[in-house]
2 protein chains.
Amino acid sequence: MIEGSNAATSTGDKLLLAAIDLMASKGYKGVTTQEIAAAAGLSEKTLFRHFGSKQNLLETAFDRFHYAEEMTRLFNEKLVWELETDLLLISRTYHEIMNRNRKMIMISVKEADHLPGFRERTIKHPKQFIEILTRYFMEMTAQGKLIETNAQMQAYSFISMNYGVFLNDLAGGEHFPNLTVEEFIMESVGTFVRGLARQAYC
Amino acid sequence: MIEGSNAATSTGDKLLLAAIDLMASKGYKGVTTQEIAAAAGLSEKTLFRHFGSKQNLLETAFDRFHYAEEMTRLFNEKLVWELETDLLLISRTYHEIMNRNRKMIMISVKEADHLPGFRERTIKHPKQFIEILTRYFMEMTAQGKLIETNAQMQAYSFISMNYGVFLNDLAGGEHFPNLTVEEFIMESVGTFVRGLARQAYC
DNA sequence: ATCGACTGTCAGTACTGACTGACATTTAAG
DNA sequence: CTTAAATGTCAGTCAGTACTGACAGTCGAT
């Protein structure tokens, strides 16, 4: 039977998922091939038969489970050019994507060295978000709906704010209980709307 | 001669600084005691004579070079209860403190496991900032200078935004050139001022 | 000159962890 | 049942690494 054609989780995927899970919490060097195999319910030997080396296991995991890049189009279709609505959509989409890939992000934060081009691909999304949001702000300003500002910097601020909150949640969300992400999104979007929209709420 | 009484950098400190430097970039397990000693211009043996173990080297480094906790007082004296001025001060102070300790922060991000209570102490400052800022927002609201909002969440948003920007700068600031921290501070503070102040700029 | 604190050198120990080879066992397909 | 592919077992290699002991050199102070 050829790799990947199994209906249930295939042997290879079990190993990849276990690797992602453990590396995310303990780091590449902090986890052993034995641990990974055990977590996958397989023998260490099988791990090496499939991937040849620990390094290759990490690379394969990254290639296989890194989020795809279908986001740009999604946006241009869903934006309605009303600041509050759109910022809420963007914020929520951002957190959704980041959360779906939080383990890979954790790994790439800890293991920036182990792979060339690793980090680059991981921050590709944040970068895309900023670009999209920058163009959005510029267009909104052109339409007279926003005051004149440095669009790129505003986009950068907005995304960074969401990034900061995401990381807090990630690396021990227990540090700030009674602060939920959804609540944060609503408050922060409110502030940005009042701070950027022309003649709102005064 | 007793440890620490030297005018120039003492042997112990050389080792501690080298350790911080290397662990920040390569992680605790990614660096060897040999490397650390070599970077400090000393022999491995000396390292062990001073610290006994690699683990103790990390702990000592953390205790010795972790930023102190003299911040709260500083604030209460410097705040002038004018939103823009104060937010600028807070933002700049935050980045100054974080930058002064960026290597320790890097380590604590990568090595959350290796020490109990490690992470807790590292995020103590962000937490303090949020508490201070929360009280500040509440007081400002009471004075009628701010609109009614969820003070804690606003503080959380503001600090998270600065945290996100700081981390970007840290882990490869080359990703977003033409975006300086100072510019960011001015733009973002502007937005928050317009978003929170009562009857401003309309 | 000598003493003492500090550091260097070097050989070596003990352990860990990635990785392999030989052989047995399972499992599904024909 | 037979076969082949996948997996398990187990013993073992090899390199790296934290850490030690014995001995020698340096250097400043008295």
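The chains referred to below are lettered A, B, ... by the order of the sequence lines, with proteins before strands, and numbering in each begins at 1.
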Report task. For B/Asn56 and D/dT20, give me the distance from atom CG to atom P, rounded to whole Å. Result -> 12 Å
Query raised in the report: Quick one: bend of the helix from C/dA1-D/dT30 to C/dG30-D/dC1 from 5 pairs per end, to 10°?
Result: 10°
Query raised in the report: Rounding to a whole Å, what distance do you find between A/Glu44:CD and C/dC19:C1'?
Result: 8 Å
Query - B/Phe48 side-chain proximity, nearest of D/dA18, C/dC19, D/dG8 - result: D/dA18
Query raised in the report: Over how many whole Å does the gap from A/Phe51 atom CZ to D/dA6 atom P extend?
Result: 13 Å
Query raised in the report: Can you name the ring-ring contact (aromatic ring centres under 6.0 Å, His included) partners of A/Phe48, sequence neighbours left out?
Result: none
Query raised in the report: Does the A/Thr191 side chain pair with the main chain of A/Glu187, one donor and one acceptor, at a distance under 3.5 Å?
Result: yes
Using a 3.5 Å cut-off and no angle test, enumerate the donor-acceptor pairs between side-chain atoms of residues 16-26 of chain A and protein atoms at least two apart in sequence or in another chain.
residue, atom, partner, partner atom, Å
A/Asp21, OD1, A/Lys103, NZ, 2.5
A/Ser25, OG, A/Leu22, O, 3.3
A/Lys26, NZ, A/Glu35, OE2, 2.7

**Report entry** Test side chain to side chain donor-acceptor pair (under 3.5 Å) applied to B/Glu131 - qualifying residues, sequence neighbours left out
**Finding:** none
Query raised in the report: Residues two or more places apart in sequence or in another chain: which of them pass side chain to side chain contact (heavy atoms under 4.5 Å, CB included) with A/Phe137?
Result: A/Leu83, A/Leu87, A/Leu133, A/Leu146, A/Ala151, A/Gln154, A/Ala155, A/Leu196
Query raised in the report: Of all residues at least two apart in sequence or in a different chain, which pass the side chain to side chain donor-acceptor pair (under 3.5 Å) check with B/Gln143?
Result: B/Glu139, B/Lys145
Query raised in the report: Can you name the residues that form a side chain to side chain contact (heavy atoms under 4.5 Å, CB included) with A/Glu182, not counting sequence neighbours?
Result: A/Arg92, A/Thr180, A/Ile185, A/Met186
Query raised in the report: With sequence neighbours left out, which residue pairs that include part of residues 86-109 of chain A fulfil the ring-ring contact (aromatic ring centres under 6.0 Å, His included) condition?
Result: A/Tyr94-A/Phe129
Under 3.5 Å between N/O atoms: give me all the protein pairs with nucleotides 21-24 of chain C, atom names plus distance.
residue, atom, partner, partner atom, Å
C/dG21, N7, A/Lys45, NZ, 2.7

Query raised in the report: What integer distance in Å separates B/His50:NE2 from D/dT20:P?
Result: 15 Å
Requested in this report: Specify the separation, in whole Å, of atom CG of B/Leu15 and atom C1' of C/dG8.
Outcome: 13 Å
**Report entry** Pairwise salt bridge (Lys or Arg N to Asp or Glu O under 4.0 Å) hits with a residue in residues 44-56 of chain A, at least two apart
**Finding:** none
Query raised in the report: Roughly, in whole Å, what's the span from CG in A/Leu22 to P in C/dA18?
Result: 12 Å
Query - Those residues that, when tested against A/Phe158, pass ring-ring contact (aromatic ring centres under 6.0 Å, His included) (two or more places apart) - result: A/Phe192
**Report entry** Atom-to-atom span, NZ of B/Lys54 to P of D/dT20 - whole angstrom
**Finding:** 15 Å
Query raised in the report: Hey, does the side chain of A/Thr11 come within less than 4.0 Å of D/dA6's phosphate (OP1/OP2), counting only N and O?
Result: no
Query raised in the report: Just to confirm, is there a sub-4.0 Å distance from OP1 or OP2 of D/dA6 to any side-chain nitrogen or oxygen of A/Thr46?
Result: no
Query - Pair B/Asp13 + B/Arg64, salt bridge at N-O below 4.0 Å - result: yes
Report task. Can you tell me the distance, in whole Å, between the CG atom of A/Leu47 and the C1' atom of D/dT7? Result -> 13 Å
Report task. Residues of residues 27-42 of chain A with any non-hydrogen atom less than 4.0 angstrom from an atom of DNA chain C: list those, numerically ordered, please. Result -> A/Val31, A/Thr32, A/Thr33
